[in-house]
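So you know, we letter chains A, B, ... as the sequences are listed, proteins then strands, and number each from 1. On a predicted model such as this, the values are computed, not experimentally measured, just so you know.
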Protein chains: 2
Amino acid sequence: MTRPVTSTDGNDEAQGEHGGQAEGTAVPAGTGPRERPEAAPGSRWPSIRGPRTGARATSRDVARVAGVSQATVSLVMGEKWRGRVSERTADSVRSAARSLGYRPNLAARNLRLGRTRTALLVVPALTNEFFARVYTGAARVAAEQGIGVVLYPSPEGVGPARDPFASARATLDGVIASSMAAEALAALREGGLPLVMLDSDPERAEAATTVNLDLADGMRQVAGHLLALGHRRFVHLAADIDSWTFRVRAAALAEALRGTPGTELSVVRAPLTVADGLRAAEHALTRPGPRPTALICDDDVLAAGTCKAARRLGLRVPDDLSVTGFDDLSLATAVEPELTTVRLPAEEVGEAGMRALMGVLDGGPVAPRLLPVELVVRGTTTVAGG
Amino acid sequence: MTRPVTSTDGNDEAQGEHGGQAEGTAVPAGTGPRERPEAAPGSRWPSIRGPRTGARATSRDVARVAGVSQATVSLVMGEKWRGRVSERTADSVRSAARSLGYRPNLAARNLRLGRTRTALLVVPALTNEFFARVYTGAARVAAEQGIGVVLYPSPEGVGPARDPFASARATLDGVIASSMAAEALAALREGGLPLVMLDSDPERAEAATTVNLDLADGMRQVAGHLLALGHRRFVHLAADIDSWTFRVRAAALAEALRGTPGTELSVVRAPLTVADGLRAAEHALTRPGPRPTALICDDDVLAAGTCKAARRLGLRVPDDLSVTGFDDLSLATAVEPELTTVRLPAEEVGEAGMRALMGVLDGGPVAPRLLPVELVVRGTTTVAGG
DNA sequence: CCAGTCCGGTTTTACGTATAACTAGAGACG
DNA sequence: CGTCTCTAGTTATACGTAAAACCGGACTGG
C-alpha cells in the first residue's frame, strides 16, 4: 500500500515535473513517465492563452500556497471545518484561495459526490410567456437552494431531439417536465431520474410526483360566469395541441354547460398564435346559423386574435360578443378592452415543481399538488343580447 | 506489470466486494480495505431505491458484459474506433451498452476532458420575449453542435446573485452575456472564461467579442419615417434602465432630429411595463403646452401602454397621435391598431452569439457582428395634423 | 527468414475533489 | 505514569472517463 518514492503527489516539495517544466530544463520528449495531455501542442482552448496561463488553480495549488494539505483546503472551502481546522489555518487557506482566484472544479465535485445540484426543466417553448414564468419561479427557488436549472433546449424549429440528456450536457439530479413536451417524455422516463410532472394527467403520471393547476375549475368558473350573464350559444376556440392541459379544459367546459338546458357548444381548433386565432374566430363567427354570443379561448393569444376578428367583422367586444382568455399573460392587459381571463399562477407552478423535486431528492414521498386558479373579470365579457 | 490476484478491477470475475456485499456475509465494519462511501446507510438518494438498484451502469460494467476492456468501450462509445476496434467487437459493445442502459457519466467526461460543451447565457429576464427569442436562437445553434445552454438564473425578484457560476452549477466553456445584465458582468470577467457580449458598447467591450444590433440605425429609420410624415413635436418614451442598449437609441434619436429645423423632443422615462407606459404617456400627453404628435417608445410594451393612454384621453391612434414601438414582439400584432415598430432579429442575435462563442473557443479571432434592423410600418403611424 | 508494419485490442494513468481512516501531540484524569 | 480524549490536521482512495503508450500476433516485402 505504500506508494513508491517517485510519487508525484502535489504535497511533495521535491517534485520533478509539476512546476519544474517551466524552469528551462528542456526534457527530451517522451522521457518522463507520462506527458500531461494538455501539454500537447495541438490542444484547443488552453493553448491559445499560453501554455499554462489561464489554467485554473486547483485545491492542491491552494494547499501548497497555504502550507496545508489538499484535504484541509477541501474542508475549509466546503464549510465543513468547524472543529476540524483552526481558525488561523482556515483563514490562511481562504486568503490563499482568494489570491489564486481559486474556484472549485464543479466537474470534479460532481463526479466525486455523484450529484450535481442541477435540475432539468423541460418545457415546450420559452417564448410562451407562461413557461417563461414557470422557469422564473423554478429558478427562484433553485437559486435560494443553490441549485442550478438547465432547460431542455427544445426551441421551436429544432425538432424533437433524440435524447434530452445529450443536449443538456450537464449531469442532472432530477427533472421537472411539462406534459406538453410529450415527445421527450419517453426518453425522460428511460433516464431513470427523479421526475416531477407539471400539468399532467394524474392517471398516467405513474410514479412521478405531479404539480397541477386546477384547470377544470378554471373552465368551470368561465362557464359559470358566462352562463350567469345569460349566454347560451358558445364556441370553444381550442388549442390545436393534443395535451392533457387542453383536453381537461375541453372536458370541463362541456361538462359545465351540460348542466344548463338550451346551451349550444361548438369547438374550433387553432394553433396558439394571434393570426391563427383570428382566422379561426372569423370562421366560427361567419358560418351559417345563429351567431354565438360568447367565445371561450384556450389562451390569451387566441383571445386577442378573436377580438381582432370581431372588430374586423364589425362586432363590438363585449357588447356583441363576449370573449374569454386563459393564462392571464401580460398580453391580457395590453389589449383593449382588457381580457376577461383565468389567472394561472405560473411562477408558483415552477416554485412548487422545484420544491417537489427537492422533496423527492430528499427521499419523498411528496404529495401531489393542485394549485387553484382564479377567474379575472375584465372588459371582454358582458351580458348576452347586446 | 502483471496485476496481483486480489485485483478489484471490473474485469476480474471473482471480485470480492462489488456485488458480494448484498449476499448476507455481514463483514465486521472496518475489515475490508476501504468501504465505498455509497454503501453507508445514511446516504440520500441512491438508498431509497434499494442498495444498488438505480445505480447507473459504468463503462466498466459494459466492458465486463461485452468481454472487453474499459478502454475499448470508451473508444466505441466515443465513435473513435475506426480502424482501432473490429466491427464485431464494436457491435458487441454497443449491444451490451444498450442492454445495460448505459449512459456515459458526463461529470466524469467533463472532468477528464476539461471542457463541458456547455455555454452560459446571461440575460436579464426570460419573461421579456426578446430574450426568450435570443435564447431560442442560441439553443438552436447549440443543439446542432451538441452544446448545452445554461441560463444565468436571474429571474426578477431573486436579486443580483453574487456569483453567476455558483448558481449555474454546470461547469462552463464560455459565456454569452447581454449588456443588460450589468451586475453580473464584473464577476463574469473575473471568471476568465471566453466571453461574447450581446448589445454592448463596443468601446467598453474590451477583449470580448461583440454581437450587436444596429439600434442607432433603427431609431434613425423611425425618425426618418415620422419626419417624412410631417411630425415635428416628439416625445421619446424611454426605458428606465441605464444600459447601452437604450442609451444608443436616445442618442441616435436626438441626433436624427437635430438635422431638421423646428423639431421638438422631450424625454419621459418609464419601466418596461404596459401600466407604467400608460402612466408615463398620460403624463406626457396632458402636460401644458402644445401636444406632441408622435410618441416614440423604446419598446412595444411601452407603445401598447401609450395606445391605451391615448384612447383613455380620447385621442385616436394614429389620427391624433402617431406611436412607434421597438422590438416587434408578438404583442405588436396582437393589439389594434397593429404597432409600427422596429423589427429586431432576436433569434439571429442568439444564433450569432453562439456561433461567435464557438469561434472564440476554436481559437478566434472572431469579427464583431452588427445585425441590421428594419422598420415595420403598420397601423399606429400616419401623417401629422389629423 | 527476418525486420517492419498493421490490426485489434489492453494497461495504465490523470483529471480535481470529498471524505473515511488514520495520527501526532497536548492535556486531563484516575 | 499509563490511558483516554480532544484538537488539528494528514494520508490515501475512489468517483467514471479518455487517451497515450504499449503489446502480441498476423501479414508483408525484400
For [X] and [N], give me the distance from atom [atom1] to atom [atom2], rounded to whole Å.
| X | N | atom1 | atom2 | value |
| --- | --- | --- | --- | --- |
| R115(A) | dG16(D) | CZ | P | 15 Å |
| L106(A) | dC15(D) | CG | C1' | 15 Å |
| L100(B) | dG16(D) | CG | C1' | 15 Å |
| R109(B) | dT17(C) | CZ | P | 21 Å |
| R56(B) | dC15(D) | CZ | P | 16 Å |
| R88(B) | dG9(C) | CZ | P | 9 Å |
| N105(B) | dC15(D) | CG | P | 11 Å |
| L111(A) | dA18(D) | CG | C1' | 13 Å |

Is the distance from OP1 or OP2 of dG9(C) to the nearest side-chain N or O of S86(B) less than 4.0 Å?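 Affirmative; the distance criterion is met.
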
S59(A) vs dT17(C): side-chain N/O to OP1/OP2 distance below 4.0 Å: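 Yes, such a contact exists.
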
D61(B)/R64(B) salt bridge by N-O under 4.0 Å criterion: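 Looking at R64(B) and D61(B), the cut-off is met.
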
Using a strict 4.0 Å threshold on nitrogen-to-oxygen distance, state whether D91(B) and R94(B) make a salt bridge.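 Yes, charged N to carboxylate O under 4.0 Å.
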
Going by number, which of residues 72-81 of chain A have a non-hydrogen atom under 4.0 Å from DNA chain D? T72(A)

If you compare all heavy atoms of A96(A) against all heavy atoms of V65(A), which two are closest, and at what distance to 0.1 Å? CB-CG1, 3.7 Å

I want to check something: taking the side chain as every heavy atom from C-beta on, are [X] and [Y] in contact at a cut-off of under 4.5 Å?
| X | Y | value |
| --- | --- | --- |
| V62(A) | M77(A) | no |
| I147(B) | M358(B) | yes |
| T58(B) | N105(B) | no |

Name the closest nucleotide to the T89(B) side chain, picking from dC15(D), dT17(D), dG9(C). dG9(C)

Please give the angle, rounded to 10 degrees, between the axes at the start and the end of the helix from dC1(C)-dG30(D) to dG30(C)-dC1(D), where five pairs define each axis.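 One end's axis against the other's: 60°.
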
Verdict with supporting geometry, L151(A) and Y135(B), side-chain contact (heavy atoms from CB on, under 4.5 Å): CA-CA 10 Å; L151(A) 284 165; Y135(B) 167 81; 3.4 Å; yes

What about Q70(B): does its side chain form a donor-acceptor pair under 3.5 Å with the base of dA18(D)? yes

Check whether any side-chain N or O of D173(A) sits under 3.5 Å from a backbone N or O of T116(A) as a donor-acceptor pair, and report yes or no. yes

So, does R117(B) use its side chain to make a donor-acceptor pair with the main chain of A142(B) at under 3.5 Å? no

For DNA chain C, whose closest nucleotide is more 5', that of A71(B) or that of R84(A)?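 Per heavy-atom nearest nucleotide, the more 5' residue is A71(B).
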
